[in-house]
Amino acid sequence: MNPVSPKSTFIPADLLYEAIVDSSDEAIVSKDLHSTIMSWNKGAERIFGYSAEEMIGESIIKLLPPDRPNEEAQILARLQRGERVEHFETRRQRKDGRVIHVSLTISPIRNSEGVIVGASKIARDITEQKAALRKLAETHEQLQRADRVKRNS
């Protein structure tokens, strides 16, 4: 039996959005202008290792490695000016202490009057891509060295 109904079924918009957000591989998080986490999807749980129960109500700063103390203030300043932060590559710390590379897109959230009241943050783990690029660059450098040695022989 096919689990998908052939007839269109009405799904309330809020449930539809929740299902879309929860099915994303990316971390989708919302925070207020004090950096307090307001929502945390299943992608965020997978990427960062914290459950929604552990993170909602906490500061997003909990994810910043010690070498990035001012990064959140800089992001908030840009958001308060109404700017969107796109594909910002940085690092974050998981619950297990591992530091991972992430690409962030952060957008202001506005209330019905158009006032910025928070931010939505989408994070993608790019740790494996960074490692692959590093390996590729190392291999390229080794090939160039071998080529120079060959030409000078």
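In what follows, residues are counted from 1 in the order of the sequence shown.
- Rounding to the nearest 0.5 Å places CD1 of Ile126 at 5.5 Å from OG of Ser103.
- Between Val29 and Ala44, the shortest heavy-atom distance links the atoms CG2-CB, 4.0 Å.
- Closest approach of Thr105 and Glu86 over heavy atoms only: OG1-CA, 4.1 Å.
- In terms of hydrophobic clustering, with Ile, Leu, Val, Met, Phe, Trp and Tyr side chains grouped at heavy-atom distances under 4.5 Å, Met55 and Ile106 are assigned to a common cluster.
- By the 4.5 Å heavy-atom criterion applied to side chains, Arg92 and Leu104 are counted as neighbours.
- Side-chain atoms of Asp32 and Val117, non-hydrogen and from C-beta on, never get closer than 4.5 Å to each other.
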| task | Could you go through the salt bridge (Lys or Arg N to Asp or Glu O under 4.0 Å) check for Arg145 and Glu141 one step at a time? | result | CA-CA 6 Å; Arg145 277 195 304 265; Glu141 179 60 34; 3.6 Å; yes

| query | Run the side chain to side chain contact (heavy atoms under 4.5 Å, CB included) check on Leu76 and Lys31 step by step: do they pass? | reply | CA-CA 10 Å; Leu76 281 175; Lys31 64 181 182 179; 4.3 Å; yes

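- In this structure, NZ on Lys95 lies 10.0 Å from CD on Glu45, to the nearest 0.5 angstrom.
- When all heavy atoms are compared, the tightest approach of Leu64 to Arg68 is CD2-O, 3.2 Å.
- Asn41 places a side-chain N or O within 3.5 Å of a backbone atom of Glu26 that can act as its donor or acceptor partner.
- Within the structure, ring pair (Phe, Tyr, Trp, His ring centres under 6.0 Å) pairs that include any residue of residues 122-153 do not occur (at least two apart or interchain).
- Between the Thr127 side chain and the His101 main chain, a donor and an acceptor come within less than 3.5 Å of each other.
- Within the structure, the ring pair (Phe, Tyr, Trp, His ring centres under 6.0 Å) test picks out the following pairs touching residues 44-80 (sequence neighbours left out): Trp40-Phe48.
- For the pair Ser107 and Arg84, the tightest heavy-atom approach, listed with the atom from each and the gap, is OG-NE, 3.0 Å.
- Of all the heavy atoms in Leu79 and Ile116, the pair that sits closest is O-CD1, 3.2 Å.
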| query | Yes or no on side chain to side chain contact (heavy atoms under 4.5 Å, CB included) for Arg91 and Lys130, after CA distance, side-chain angles and deciding distance? | reply | CA-CA 11 Å; Arg91 294 178 303 142; Lys130 287 282 203 183; over 6 Å; no

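- Listed for the Ser30 side chain is a donor-acceptor partner under 3.5 Å among the backbone atoms of Ser39.
- Of the inter-residue distances, the one linking Ile60 atom CD1 with His34 atom NE2 reads 15.0 Å to the nearest 0.5 angstrom.
- Here the shortest heavy-atom pairing between Pro65 and Val99 reads CG-CG1, 4.2 Å.
- Residue Lys62 places its NZ atom among more than 12 non-hydrogen atoms of other residues, nucleotides or ligands, all under 6.0 Å distant.
- Applying the side chain to side chain donor-acceptor pair (under 3.5 Å) test to residues at least two apart or on different chains, the pairs with a partner in residues 111-121 are Asn111-Glu113.
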| For Asp147 and Gln144, what are the C-alpha separation, side-chain angles and deciding distance, and is it a side chain to side chain contact (heavy atoms under 4.5 Å, CB included)? | CA-CA 5 Å; Asp147 188 47; Gln144 285 182 323; 5.6 Å; no

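- Annotation: side chain of Arg78 is not in contact with side chain of Phe88 (no heavy-atom distance under 4.5 Å).
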| task | Could you give me the CA-CA distance, side-chain angles and deciding distance for Asp125 and Arg46, then say whether side chain to side chain contact (heavy atoms under 4.5 Å, CB included) is met? | result | CA-CA 10 Å; Asp125 184 350; Arg46 284 188 297 276; over 6 Å; no

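- Both Val102 and Ile75 are members of a single hydrophobic cluster when ILVMFWY side chains are connected at heavy-atom separations under 4.5 Å.
- Distance NZ/Lys42 to CG/Asp25: 13.5 Å, rounded to 0.5 Å.
- Atoms CZ and CD1, from Arg124 and Ile28 in turn, are 10.5 Å apart once rounded to the nearest 0.5 Å.
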